[in-house]
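Written out below as structure tokens is the structure these notes cover.
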There are 2 protein chains.
Amino acid sequence: MTKIKENSTRNENKQLTAGWCPVSYVMNKLGGYWKPIILFQLIEGPKRYSELRKAIPTITEKMLIQHLKQLQEDNLVLRTATAVVPPHVTYKLTQAGINLTPVMEAMANWAINNRENN
Amino acid sequence: MTKIKENSTRNENKQLTAGWCPVSYVMNKLGGYWKPIILFQLIEGPKRYSELRKAIPTITEKMLIQHLKQLQEDNLVLRTATAVVPPHVTYKLTQAGINLTPVMEAMANWAINNRENN
DNA sequence: ACAAGTACTTACCCTAAAGTATGTATTATG
DNA sequence: CATAATACATACTTTAGGGTAAGTACTTGT
């Protein structure tokens, strides 16, 4: 949305770390407060835009589409629109997105085990 | 370091998502450009502060200790200091940190496979 | 005529986190 | 007595990303 300053140290370092470190690479794709939650919703199956909104009541519309767009660019989510009025748009995981689910499950399992001993 | 404004919407949402979503919970612990890279260095074994600095030349000292502190607070890394001059401090993974390595490997594998078809 | 429903878009503000630069304590050594 | 070595600390600046609020397009139903 807002243009990023490509020559800022910050952005350069981001690129750099994503280049070296496969974990950073993944973190960049899953980064953002809402992305994991959106993906989680879509694991259950394709959902309409409005269904996602209802499923995640505390997200704003701006954040929702912004993240959906990034997820599309990163080839994790596929958007399908039907040209009707009112519009009908569904989002679903791509194969790469589906492949990510075991990774997310591994993260979730670690979280559960780690949370217990606190 | 810098105090966070606890009642900002942003911070509230962060807490909220980390509460619901185990993946967000993990993302918060691994968030920050350098944390995965620091953890990766420590997978190989304990390292001194100065060794970490040399291993990650582009990181600044501020970022390095800041992340090391957060990793300690999150119980992923253990700091051991010997009272000598010049100081001798080593960092190593805790059990929780060690448990995280298969998760990070899963992320890395996904990254490798996903990067190929781009 | 206008409200309702869907899927966005856009202009603006605020802040957490990253980066820059410099300083500190302690002791051994030339 | 000044420098080196190690492991930090701290004051200040910048920016990416998140949040707020309001608007848009198109058609069907009343």
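Each chain gets a letter, A, B and so on, in the order its sequence line appears, and its residues count up from 1.
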Subject >> Axis-to-axis angle between the two ends of the helix from C/dA1-D/dT30 to C/dG30-D/dC1 (five base pairs per end, rounded to 10 degrees) >> reply: 30°
Subject >> All pairs passing salt bridge (Lys or Arg N to Asp or Glu O under 4.0 Å) where residues 73-86 of chain B contributes a residue, at least two apart >> reply: B/Lys29-B/Asp74
Original post:
Which of residues 77-90 of chain B sit near DNA chain D, with a heavy atom under 4.0 Å from it?
Top reply: B/Arg79, B/Pro86, B/Pro87, B/His88, B/Val89
**OP:** Mind listing the residues from residues 35-52 of chain A sitting with a heavy atom below 4.0 Å of DNA chain D? Number order is fine.
**Re:** none
Subject >> Phosphate OP1/OP2 of C/dG19 contacted by B/Lys62 side-chain N/O (<4.0 Å) >> reply: no
Subject >> Which residues share a side-chain hydrogen bond (donor to acceptor under 3.5 Å, both in side chains) with A/Arg53, sequence neighbours left out >> reply: none
**OP:** Please collect all salt bridge (Lys or Arg N to Asp or Glu O under 4.0 Å) contacts where either partner lies in residues 91-101 of chain B, sequence neighbours excluded, each pair once.
**Re:** none
Original post:
Within this structure, what is the CD-to-P distance between B/Glu61 and D/dT10, rounded to whole angstrom?
Top reply: 15 Å
Original post:
Is A/Gly32 touching bases, backbone alone, or none of the nucleic acid, heavy atoms closer than 4.0 Å?
Top reply: sugar-phosphate
Subject >> side-chain hydrogen bond (donor to acceptor under 3.5 Å, both in side chains) partners of A/Gln72, counting only residues at least two apart >> reply: none
**OP:** Return the set of residues passing salt bridge (charged side-chain N to carboxylate O under 4.0 Å, His left out) with A/Glu44 (not counting sequence neighbours), or none when no residue passes.
**Re:** A/Lys47
Original post:
With sequence neighbours left out, what residues match B/Tyr91 under side-chain hydrogen bond (donor to acceptor under 3.5 Å, both in side chains)?
Top reply: none
**OP:** Sorted by first residue and then second, give each side chain to side chain donor-acceptor pair (under 3.5 Å) pair with at least one member in residues 93-107 of chain A; sequence neighbours left out.
**Re:** A/Gln95-A/Asn99
**OP:** Scan residues 6-21 of chain A against DNA chain D and write down, sorted by residue number, each residue with any heavy atom closer than 4.0 Å; if none is found, say none.
**Re:** A/Ser8, A/Arg10, A/Lys14
In residues 10-18 of chain A, what donor-acceptor pairs under 3.5 Å come from side-chain atoms, sequence neighbours left out?
residue	atom	partner	partner atom	Å
A/Asn11	ND2	A/Glu6	O	3.3
A/Thr17	OG1	A/Asn13	O	3.0
A/Thr17	OG1	A/Lys14	O	3.0

